[in-house]
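So the structure is just underneath, and the comments pick up after that.
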There are 2 protein chains.
Amino acid sequence: MDYLAELGTLALGSRLRRLSDLFYEEVADIYAFYNFDLEPRYFGLVSYLHHHGPAGVTEAAKALHLTHPAVSVMAKALEESGWIVFEPDANDERRKLLRLSSKGQALVAELAPVWEQIRQGVDELLGDQAQQFFSTLGRIESALEDVKFSKRALRRASLASHNRCQVITWQPKYGDAFHDLNEEWVRRFFSYEEKDGALLRNPERYIREPGGEIFFALLDGVPVGTCALQKTGDSEFELIKMAVARRTQGQGIGTMLLDAALAWAEAQGAKKVTLETNGQLVGALKLYQRRGFVRAQRPGPTSYERADIYMERRL
Amino acid sequence: MDYLAELGTLALGSRLRRLSDLFYEEVADIYAFYNFDLEPRYFGLVSYLHHHGPAGVTEAAKALHLTHPAVSVMAKALEESGWIVFEPDANDERRKLLRLSSKGQALVAELAPVWEQIRQGVDELLGDQAQQFFSTLGRIESALEDVKFSKRALRRASLASHNRCQVITWQPKYGDAFHDLNEEWVRRFFSYEEKDGALLRNPERYIREPGGEIFFALLDGVPVGTCALQKTGDSEFELIKMAVARRTQGQGIGTMLLDAALAWAEAQGAKKVTLETNGQLVGALKLYQRRGFVRAQRPGPTSYERADIYMERRL
DNA sequence: TTGATTTACGTAAGCACTTACGTAAATCAA
DNA sequence: TTGATTTACGTAAGTGCTTACGTAAATCAA
């Protein structure tokens, strides 16, 4: 059986691609049968120049939904075969007009019955579903182009702005999440040490009792990120244990956590927040810089082997 | 407007190709949104291994309608990412079984909801036409694969064997065809000389009256090929002016003409048929060799500048 | 007018497939 | 069994597009 067809929707991309290849091959066979040395992929450009008249490279590329380099290369090949000629645009020296040569026009005339044959063949193939098939095709095309646009917008707006995500302070029921999110994070980049475990499993004792706080980001009520502030001085905190679940990274959740932590520190009257991180974590570094942290000389020895960058921000 | 859509049927290949690209891009966006570093094109293989269990390279390639090198390279990439593992086949040392690693299986589990999301998205896109669209897709697929097969067969069988083509001897009404077919041919490979014109325009006088004959191949009644035998000795003819219309070349028409000419010569009691040709005309050369002509020393000076090969066949 | 930006086009490199070819194991034919 | 053919797989080269980048002309902004 055809596994791709079985997969249905999910393999749509592959199926369409394969269908496209089969179709091109079919047309190539027909051309070869009649001894045309025209490749099927040139059809679009030749036909466009025939119907539209002379056109620039970019213009043709836009009409055919190709990039201009593709058309540029194609035009060179067609020019070498003598089917089109280049001529300068009188009004714009940058442009190079592509025009069917007389030989090219003769080719189009000769091809006309072959194209008609192809058209009939496909119509026969599609039968009475032809019209609906093409209308569905058109709908998918326009929809996909729209959706692509909206998807980028969605990504930019991110989950955070849709009120699906909120940051809260410590709640005992999220204790496991605090541990698990950090463990996932540590394991991904470094190796988990038991030393980490002690603090992660007793955050109330090591962080909150000395005057710090722990934060959670909840996405639809599910904890997907966490961080903590550890009191390191009279009016100073260290940001530690920042972790966001892999699947929800890049959606502004880290930023929300950091903002909440900074706001809390400020409310406590803090004058400075410090942190240690690793230069390989580019995303994190950018986040800290965006929120005003600057690299500085570490006042004392680090408590983490993996940290090679020390930053601070004055409030 | 969308010129490709306007072209409809003829640009179907390009449209399907573009649609496929758009779809892949869409899926890639979704994967990226959830921070999967899986490329959409890997979907088929991963999914196949998931549903089918361990499989060899060729086996997977067949199921996914790809070539085995494609799967081979893909597998290497997936193995490097740790999603699949290679293991030898106990029964066949040539085979290399691809199997989802535990990390790969975890990936599939994580991807399941995303795939479901994609499925829903596409179904929504297609609306109530979904079912019909997929059934049409399937029909095109199977039809194209069948047609391709039959087309090759058709090409091999060629027009000649379908009784659409017959060879006749001279008829005055085809006098123009004799000239035109040869002129087309000469102009394509060499340059037309007025010297050619004299014979081509008065074939009765120059060929038939001295004891030769002129042959035409008719395709559905239309002359698409010609050749002539010129009497060059007591029981000797020279084959001249062999020409087949460009669009119908490669379909055995030349062979039919040659066979008819040889049969005619034999009926006249000829002992030898000679010809002159040019080494660049590979197709013609092969045809002559296939019918028993061999290269030989030219007895006298050639009458054609463009001829560089002399052949003869004894009857 | 001048300097900055945009636009038209070409070249180069990358990518994901293909075809072509080579090797080694399995299978078939005698 | 032996020799020829088929099959499984890998590597290399080719292909037709893409993205990235560079150049020169056109356009815009001051």
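Here is how names work: the chains are called A, B, and so on, in the same order as the sequence lines, proteins then strands, and each is numbered from 1. A quick note: this is a predicted structure, and the numbers were derived from the prediction, not measured.
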Query raised in the report: When the nearest nucleotide of DNA chain C is assigned to Asp21(A) and to Asn91(B) on a heavy-atom basis, which residue is associated with the more 5' position?
Result: Asp21(A)
Requested in this report: Looking at every strand, decide which applies to Thr58(B) at a 4.0 Å heavy-atom threshold: base, sugar-phosphate, or nothing.
Outcome: sugar-phosphate
Report task. Would you indicate what Arg41(B) reaches in the nucleic acid, counting non-hydrogen atoms under 4.0 angstrom: base, sugar-phosphate, or nothing? Result ->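 Sugar-phosphate contact only - Arg41(B) comes under 4.0 Å of backbone atoms but never of a base.
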Using only heavy-atom distances, determine whether the side chains of [X] and [Y] contain a donor-acceptor pair under 3.5 Å.
X         : Y        : answer
Thr248(B) : Tyr34(A) : no
Arg15(A)  : Ser20(B) : no
His65(A)  : Tyr3(B)  : no

Query raised in the report: What pair of heavy atoms forms the shortest contact from Ser14(B) to Leu4(B), and how long is it?
Result: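 Where Ser14(B) meets Leu4(B) most closely, the heavy atoms are CB-CD1, 4.1 Å.
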Please give, in whole Å, the distance from [N] [atom2] to [X] [atom1]?
X        : N       : atom1 : atom2 : result
Glu59(B) : dA8(D)  : CD    : P     : 9 Å
Phe43(A) : dG16(D) : CZ    : P     : 18 Å
Arg17(A) : dG16(D) : CZ    : P     : 12 Å
Arg94(B) : dA25(C) : CZ    : P     : 10 Å
Glu25(A) : dT15(D) : CD    : C1'   : 14 Å
Asp89(A) : dT7(C)  : CG    : C1'   : 13 Å
His68(A) : dA25(D) : NE2   : P     : 16 Å
Glu39(A) : dC17(D) : CD    : C1'   : 13 Å

**Report entry** Ser72(A) vs dG10(C): side-chain N/O to OP1/OP2 distance below 4.0 Å
**Finding:** yes
Query raised in the report: Does Lys96(A) make a side-chain N or O approach to OP1 or OP2 of dG10(C) shorter than 4.0 Å?
Result: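 The answer is yes; a side-chain N or O of Lys96(A) sits under 4.0 Å from OP1 or OP2.
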**Report entry** Secondary-structure stems for DNA chain C, with pairs counted as Watson-Crick or G-U when both distances are under 3.5 Å and runs at least 3 long
**Finding:**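 If one scans DNA chain C for consecutive Watson-Crick or G-U pairs, the stems found are C:1-30 with D:1-30.
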Query raised in the report: Counting side-chain heavy atoms from CB outward, which of dT18(D), dA12(D), dC17(C) is closest to Pro69(B)?
Result: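 Nearest to the side-chain atoms of Pro69(B), counting from C-beta on, is dA12(D).
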Query raised in the report: Nearest to the side chain of Asp92(B), which nucleotide is it out of dA25(C), dC17(C), dG10(D)?
Result: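 The closest nucleotide is dA25(C).
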Query raised in the report: Honestly, is Arg247(A) close enough over Phe36(B), meaning NZ or CZ under 6.0 Å from the six-membered ring centre and within 45° of the axis?
Result: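 Judged by the rule (NZ or CZ under 6.0 Å from the ring centre, within 45° of its axis), Arg247(A) counts as positioned above Phe36(B).
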Closer than 4.0 angstrom, basic N to acidic O: yes or no for [X] and [Y]?
X         : Y         : answer
Glu184(B) : Arg246(B) : no
Glu116(A) : Arg119(A) : yes
Glu87(B)  : Lys96(B)  : no

Query raised in the report: What about the rings of Trp83(A) and Tyr42(A), do their centers lie closer together than 6.0 Å?
Result: no
Query raised in the report: Contacts to DNA chain C from residues 74-84 of chain B, heavy-atom cutoff under 4.0 Å, which residues?
Result: Met74(B)
Query raised in the report: Within the side chain of Ser101(B), is there an N or O that forms a donor-acceptor pair under 3.5 Å with the backbone of Gly82(B)?
Result: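 Checking the backbone N and O of Gly82(B) against the side chain of Ser101(B), a donor-acceptor pair under 3.5 Å is found.
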